[in-house]
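Since this is a predicted model, take the numbers as computed values, not measurements. Chain naming here is simple, since letters A, B, ... match the order of the sequence lines and numbering starts at 1 in each.
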There are 2 protein chains.
Amino acid sequence: MSQLHTADTRDPWQAPPVDDGDAERFCSTCVFGRVCMPQGFSKDALNRLHCLIEHVGPFQAGQTIFRINDPFSAVFSVRAGLVKTFVIDDKGREQVLGFYTPGELIGLDAVYPSRYPCNAVALDTTLLCRFSFGAMANLAQELPGLQQTLFQLMSKDISAALWGKGDYSAEEKFAGFLLDWGRRLARRGFSARNFNLPMARTDIASFLSLAPETVSRVIRKLSDDGVARFDRREVELLKPEALRKLASAIPNLGLD
Amino acid sequence: MSQLHTADTRDPWQAPPVDDGDAERFCSTCVFGRVCMPQGFSKDALNRLHCLIEHVGPFQAGQTIFRINDPFSAVFSVRAGLVKTFVIDDKGREQVLGFYTPGELIGLDAVYPSRYPCNAVALDTTLLCRFSFGAMANLAQELPGLQQTLFQLMSKDISAALWGKGDYSAEEKFAGFLLDWGRRLARRGFSARNFNLPMARTDIASFLSLAPETVSRVIRKLSDDGVARFDRREVELLKPEALRKLASAIPNLGLD
DNA sequence: GTTCCGGATTGATTGAAGTCAAGTAGGCGC
DNA sequence: GCGCCTACTTGACTTCAATCAATCCGGAAC
């Protein structure tokens, strides 16, 4: 593939590393923020750390970041955009495992089998930071803080994976999803009341193990009840308390 | 509480550390086996490692090992017996999160919040190894192999937590559960065809997000179809292939 | 503007599993 | 042995969400 394509269609993996001076803007909300940003680590360590981080992208909506069974070598932090991970079951139906918004980390579940256990695709124009896991682990050998960060991130992912286990009504699941999404955006300084649900209804439905029609009906019901206002993919939570009450059936498993 | 009770009712936490020379028997199947057993580590490291491992128990069936929100300091490896972890939702209903059979590790999901995110109780007379996580992490700082083991175990737990996510029929879920349980027993050298399901039907039901009645009916159906034979809690898989076909709907997410 | 298309919504019907209620069977203490 | 208690099973009925089928709507291309 030629390098002379437009920026939008070139192979995202071939994009040159960029230093666009946006560390403040992006890295401050990244889960690795405290690792990458110059505080607490020696200049030497930081230099080595920066050598093992690579900016990749942009990926356009629909482009694959990794495929199930690809050999594992790196985890990815979302800098901008949106990523979903999913598997395909034996009947060809897609099961969405997670959505990743800027600041969140993808791929820690691939460490053990040394292969990615799922597929990851961009749902929107997406920029990523690629962290070589082997190099990270080596560095963690010398930096207790980094080791601890990795342990914590992985531990958190266990709890996150357990989220929603149990049989809950469609309304409870969706309420929990809305609140969770708002909370994650709020971490980056956005409103937790007024936000965008940038993924397709079908993907939300798959993630919650519901039919798209059911999601539609739940949205209708929440609108009718005045609990939230939906306009296309925009959401405004009018009665967060009502949502919290609905979602309270779902245990939180140590997620903040 | 007096130390003069019978062995069976004394506080399990007060049991003195034992060196019953059973390392070969128990530790060889433990997930930490290669860590605890003298291979690849210096004598010094091993001594320090053994200092941070404590044998606890026996816990009798029904006894609590830790409670949700207890401050986290250690992970536990099951030496003998059976443990279940669970949370209680806001309506007082129990959601079982996992069962742990000898050789398996409990508590890695507690690292991040530094509190246990669930309860753990013994379902049978249970012996545990208690590993101080802080001490482990310190040691991992010097032993790359130990650090890698911890990363792998945590990564595996992420995939394990994701198991069964998706909407599957009661029969598919139960078939997957049977095969998974057999596989885990097989790791310890037991038969994967002929084994015991030592937990209550209610607990299996909760784990699979089914009603106990539904589990009963699925068992009945599998019996009628000649797929497996059930006698009380004993199981014999007569047509493992049929089970595998049923369970094939559930993606395996990198579990062996 | 008009057309086309895919995602989203709505309605009608079905079906799998939950609930409720009753009955059975082991295991244990006496 | 007997009774009791708990776990499990079975049957009848209900319900929530899936499925099937028909629109609807908004955005992109022309």
Side-chain angles (χ1 to χ4, degrees), chain A residues 8 60-62 82 84 89 91-96 121 123-124 164 166-177 196-224 228-235 246 249-250, chain B residues 8 60-62 82 84 89 91-96 121 123-125 164 166-177 196-225 228-235 246 249-250:
Chain A
D8 283 347
Q60 299 307 313
L82 177 67
K84 79 167 170 186
D89 73 19
K91 283 161 197 84
R93 299 193 339 165
E94 180 178 310
Q95 172 65 50
V96 172
V121 307
L123 291 184
D124 200 350
D167 78 323
Y168 302 104
S169 73
E171 216 177 347
E172 287 168 343
K173 289 184 192 180
F174 189 75
F177 178 73
N196 203 271
L197 278 181
M199 64 293 284
R201 298 278 192 261
T202 313
D203 287 332
I204 299 177
S206 168
F207 178 72
L208 298 176
S209 300
L210 296 171
E213 293 93 328
T214 305
V215 170
S216 227
R217 283 185 250 271
V218 168
I219 286 174
R220 167 57 99 112
K221 178 155 195 307
L222 293 179
S223 297
D224 289 352
R229 210 176 46 74
F230 295 84
D231 176 26
R232 223 48 203 147
R233 292 181 172 181
E234 291 296 325
V235 191
L246 278 170
I250 306 176
Chain B
D8 283 349
Q60 300 306 312
L82 176 68
K84 79 168 170 187
D89 74 17
K91 284 161 196 83
R93 298 191 342 164
E94 180 179 310
Q95 171 65 51
V96 173
V121 306
L123 291 184
D124 200 349
T125 305
D167 76 325
Y168 302 105
S169 73
E171 215 177 348
E172 288 167 342
K173 289 184 194 181
F174 190 75
F177 179 73
N196 203 271
L197 277 181
M199 65 293 285
R201 298 277 192 262
T202 314
D203 287 330
I204 299 177
S206 167
F207 178 71
L208 298 176
S209 301
L210 297 171
E213 293 93 330
T214 305
V215 170
S216 225
R217 284 185 251 268
V218 168
I219 286 174
R220 166 57 98 109
K221 178 156 196 308
L222 292 178
S223 297
D224 289 352
D225 293 353
R229 210 176 45 73
F230 296 84
D231 176 27
R232 217 60 197 138
R233 291 181 173 181
E234 291 295 326
V235 191
L246 277 170
I250 306 176

Enquirer: Which atom names give the shortest non-hydrogen contact between A/Leu123 and A/Ala61, and what distance separates them?
Expert: O-CB, 3.6 Å
Enquirer: If the condition is side-chain contact (heavy atoms from CB on, under 4.5 Å), which residues does B/Ser169 pass it with, not counting sequence neighbours?
Expert: B/Glu171, B/Glu172
Enquirer: Could you state the atom-to-atom distance from CD of B/Glu171 to P of C/dA16 in whole Å?
Expert: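 Rounded to the whole Å, the gap is 11 Å.
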Enquirer: To the nearest Å, how far apart are B/Lys91 NZ and C/dT19 C1'?
Expert: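 That distance rounds to 16 Å.
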Enquirer: Could you tell me whether a side-chain N or O of A/Gln95 sits under 3.5 Å from a main-chain N or O of A/Ser206, the two making a donor and an acceptor?
Expert: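 Such a contact is found between A/Gln95 side chain and A/Ser206 backbone.
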Enquirer: With heavy atoms under 4.0 Å as the rule, sort B/Ser223 into base, sugar-phosphate or nothing.
Expert: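 Here B/Ser223 touches no strand at all.
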Enquirer: Please encode protein proximity along nucleotides 5-15 of chain D as a string of B, S and -, counting only heavy-atom distances under 4.0 Å.
Expert: --SSBBBB---
Enquirer: Could you list the residues that satisfy salt bridge (Lys or Arg N to Asp or Glu O under 4.0 Å) with B/Arg220, not counting sequence neighbours?
Expert: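 Here the qualifying residues are B/Asp224.
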Enquirer: Roughly, in whole Å, what's the span from NZ in B/Lys221 to P in C/dA16?
Expert: 11 Å
Enquirer: Using whole Å, report how far CG of B/Asp231 lies from P of C/dT24.
Expert: 20 Å
Enquirer: For B/Arg229, what residues pass the salt bridge (Lys or Arg N to Asp or Glu O under 4.0 Å) criterion, not counting sequence neighbours?
Expert: B/Glu236
Enquirer: Determine yes or no for a side-chain-to-main-chain donor-acceptor pair under 3.5 angstrom, with A/Arg233 supplying the side chain and A/Asn196 the backbone.
Expert: no
Enquirer: Check for a donor-acceptor pair, side chain of A/Ser223 on one end and backbone N or O of A/Ile219 on the other, with a separation under 3.5 Å.
Expert: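 Yes; judged by distance alone, with no hydrogens or angles, the pair exists.
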Enquirer: What is the distance, to the nearest angstrom, from the CG atom on B/Leu208 to the P atom on C/dA16?
Expert: 18 Å
Enquirer: What salt bridge (charged side-chain N to carboxylate O under 4.0 Å, His left out) pairs are there with at least one residue in residues 200-217 of chain A, not counting sequence neighbours?
Expert: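 For residues 200-217 of chain A, and leaving out neighbouring residues, the salt bridge (charged side-chain N to carboxylate O under 4.0 Å, His left out) pairs sorted by first residue read A/Lys84-A/Asp203.
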Enquirer: At how many degrees, to 10°, do the end axes of the helix from C/dG1-D/dC30 to C/dC30-D/dG1 meet when each uses five pairs?
Expert: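 That helix has its two terminal axes inclined by roughly 40°.
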